[in-house]
There are 2 protein chains.
Amino acid sequence: MTRATPRTTEATCDTHRRLLDAAVAIFAERGFRRTTVRDICEAADANVAAVNYHFGNKAALYDAAFDHARKRSNEENPFVQMDSGRDFHADKPPERRLYLFIRTMLEHQFRDGEPTDLTRLMTHEMMLPTPALDRLIEVSVRRVYGGLIQIILDLMPQDSTEKQARAYAMSVSAQCHFHHLALPMIQRLEPKQRYTPKALDDLADHIHRFTLAAVRGIDAKELNR
Amino acid sequence: MTRATPRTTEATCDTHRRLLDAAVAIFAERGFRRTTVRDICEAADANVAAVNYHFGNKAALYDAAFDHARKRSNEENPFVQMDSGRDFHADKPPERRLYLFIRTMLEHQFRDGEPTDLTRLMTHEMMLPTPALDRLIEVSVRRVYGGLIQIILDLMPQDSTEKQARAYAMSVSAQCHFHHLALPMIQRLEPKQRYTPKALDDLADHIHRFTLAAVRGIDAKELNR
DNA sequence: AAGTGTATCAAACAATTGTTTGAATACAAG
DNA sequence: CTTGTATTCAAACAATTGTTTGATACACTT
């Protein structure tokens, strides 16, 4: 039997959820400092005092919104198998795993041609790190990054050092993250650049080929797809 | 004969210059929204009204500070010859030009192991573009980016398309810019990473080798340096 | 010496904004 | 119905902050 009386501010309360959704969208768009609790409350169709009632204060709402966006993103588009302690698509050859990694990373960042809310929140964190960034890294980024290093190690000759693999991993991460981190600059330098699913295909292909050629020194054209 | 009476707010006025210097430093550190004119005035040892007297308002001060940082950066570390309409080190082979490009780009971004003021200002612009970003791109970035594309075209087989060269240029730019754009994340994933002159050497070498292998499909070890 | 324009400054102003308050409302349990 | 708790809300509060004001000091010209 479900208790009808809300014990505390949980899923039972609709205003709580609406505030969270509005907060994710507006924080993602404008960052912490430029968004006002009044804007969020208006978007959530709630009273100005609702934020403090349900979350304590603006900073706590930001934290909750960040974690909310992180969970939702992970539900919508999980890094397959990379969560479960096993390697990312461990059964497939490393060339293929590298492509799937790049592709998954890009799909994490763009949705319907636009940066996702979580991506934009993270980009804002790059300018003004808060404890939310540390949580994101510990919960998700570090494991994903470790998976990338493993893929690259599998790709390199046996006697390669991990230090070199980390340098390669940095180059791959750079190519994957550059497009949302420097979006305003890219839009001005390459106005035709798009991030639709089709465009992400091309982008993933390019980064895959570029990286494979660098790491293995071979032409990756035949291996792709 | 120099006129002793300051005609308007120019180099003659010391407060004007102090405000500009303080503004560059503080805007670079905190971005536009989080810096207060009071902080800038305190750092510049000036009255609160000084900003409005000398620059009109906070936004105009930001614009002036951005352009000031841009000019200063270009004086300290110009993109050699790239300004003069000619190609970047056009007399040298493209492999060498690529290395010099990467090296110069990295040196633009880090000074004494820290991101430069202009770099940090530009990073903030990625989060919240203002007309200052457009000016920077038109005055400097677009030409430099065009130079990179030319280098890559020279590096590729004759029948290569410009579209492909632009994709490569994007990968090079990504590797060069990632380190300051994602600094908080990199510091957490690779805590040993440094940006001292020596570390920039290593980084430039890596990006150069990585890129050359991808573009030419050859081992760049012998060509480096 | 008087006049003129520049520069500085303390104080105040006005708008924004995160937060609190105290009353009103809804609703389930007794 | 009464009670108690959760929730909503209009209003107010307090702090921050960009900007303005009016006075004052200063340097130079006439």
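We use all heavy atoms of the structure for the numbers below, so side chains are in, but hydrogens, waters and symmetry mates are not. Chain A is the first sequence line, chain B the second, and so forth, proteins listed ahead of strands; every chain is numbered from 1. What you see is a predicted model, and the numbers here were worked out from it, not measured in a lab.
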Rounded to the Å, how far apart are [X] [atom1] and [N] [atom2]?
X       : N      : atom1 : atom2 : result
A/Asp39 : C/dT16 : CG    : P     : 12 Å
B/Asn57 : C/dA15 : CG    : C1'   : 15 Å
B/Tyr53 : D/dC26 : OH    : P     : 16 Å
B/Arg34 : C/dG18 : CZ    : C1'   : 17 Å
A/Asp14 : D/dA6  : CG    : P     : 18 Å
A/Arg33 : D/dT16 : CZ    : P     : 11 Å
A/Ile40 : C/dT19 : CD1   : P     : 11 Å
A/Lys58 : C/dT20 : NZ    : P     : 14 Å

Out of [options], whichever nucleotide has its closest atom nearest the side chain of [X]:
X       : options               : answer
A/Asn52 : D/dT7, C/dT19, C/dT6  : C/dT19
A/Cys13 : D/dT7, D/dT17, D/dG18 : D/dT7
B/Arg38 : C/dG18, D/dG18, D/dT7 : D/dG18
A/Ala49 : D/dG18, D/dT8, C/dT21 : C/dT21

Exercise for review: Test for a donor-acceptor pair under 3.5 Å between the base of C/dA7 and the side chain of B/Asn47, counting only N and O atoms.
Suggested key: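 A donor-acceptor contact between them is absent.
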
**Study point:** Of A/Ala46 and B/Thr36, the one whose closest DNA chain D nucleotide lies more 5'
**Key:**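 It is A/Ala46 whose nearest nucleotide is closer to the 5' end.
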
Review point. A/Thr15 side chain N/O closer than 4.0 Å to the phosphate oxygens (OP1, OP2) of D/dT8?
Key: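 Yes, within the criterion.
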
Check your understanding: Can you find a side chain N or O atom of B/His54 that sits less than 4.0 Å from OP1 or OP2 on C/dT6?
Key ->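 False: B/His54 side-chain N/O out of range (4.0 Å or more) of C/dT6 OP1/OP2.
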
Review point. B/Tyr145 and A/Glu190: side-chain hydrogen bond (donor to acceptor under 3.5 Å, both in side chains), yes or no, with the steps?
Key: CA-CA 10 Å; B/Tyr145 185 67; A/Glu190 299 285 0; 2.7 Å; yes

Review point. Between A/Thr116 (side chain) and A/His108 (backbone), is there a donor-acceptor pair under 3.5 Å?
Key: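 Yes.
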
**Study point:** Test item: A/Lys58 side-chain N/O and A/Asn52 main-chain N/O as donor-acceptor pair under 3.5 Å
**Key:**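 No; judged by distance alone, with no hydrogens or angles, the pair does not exist.
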
Check your understanding: Below 6.0 angstrom between ring centroids: does that apply to A/Phe210 and B/Phe210?
Key ->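 Yes; B/Phe210 has its ring centre under 6.0 Å from that of A/Phe210.
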
Exercise for review: Decide if the gap between the ring center of B/His16 and the ring center of B/Phe55 is smaller than 6.0 angstrom.
Suggested key: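 Between B/Phe55 and B/His16, which both carry aromatic rings, the centre distance is below 6.0 Å.
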
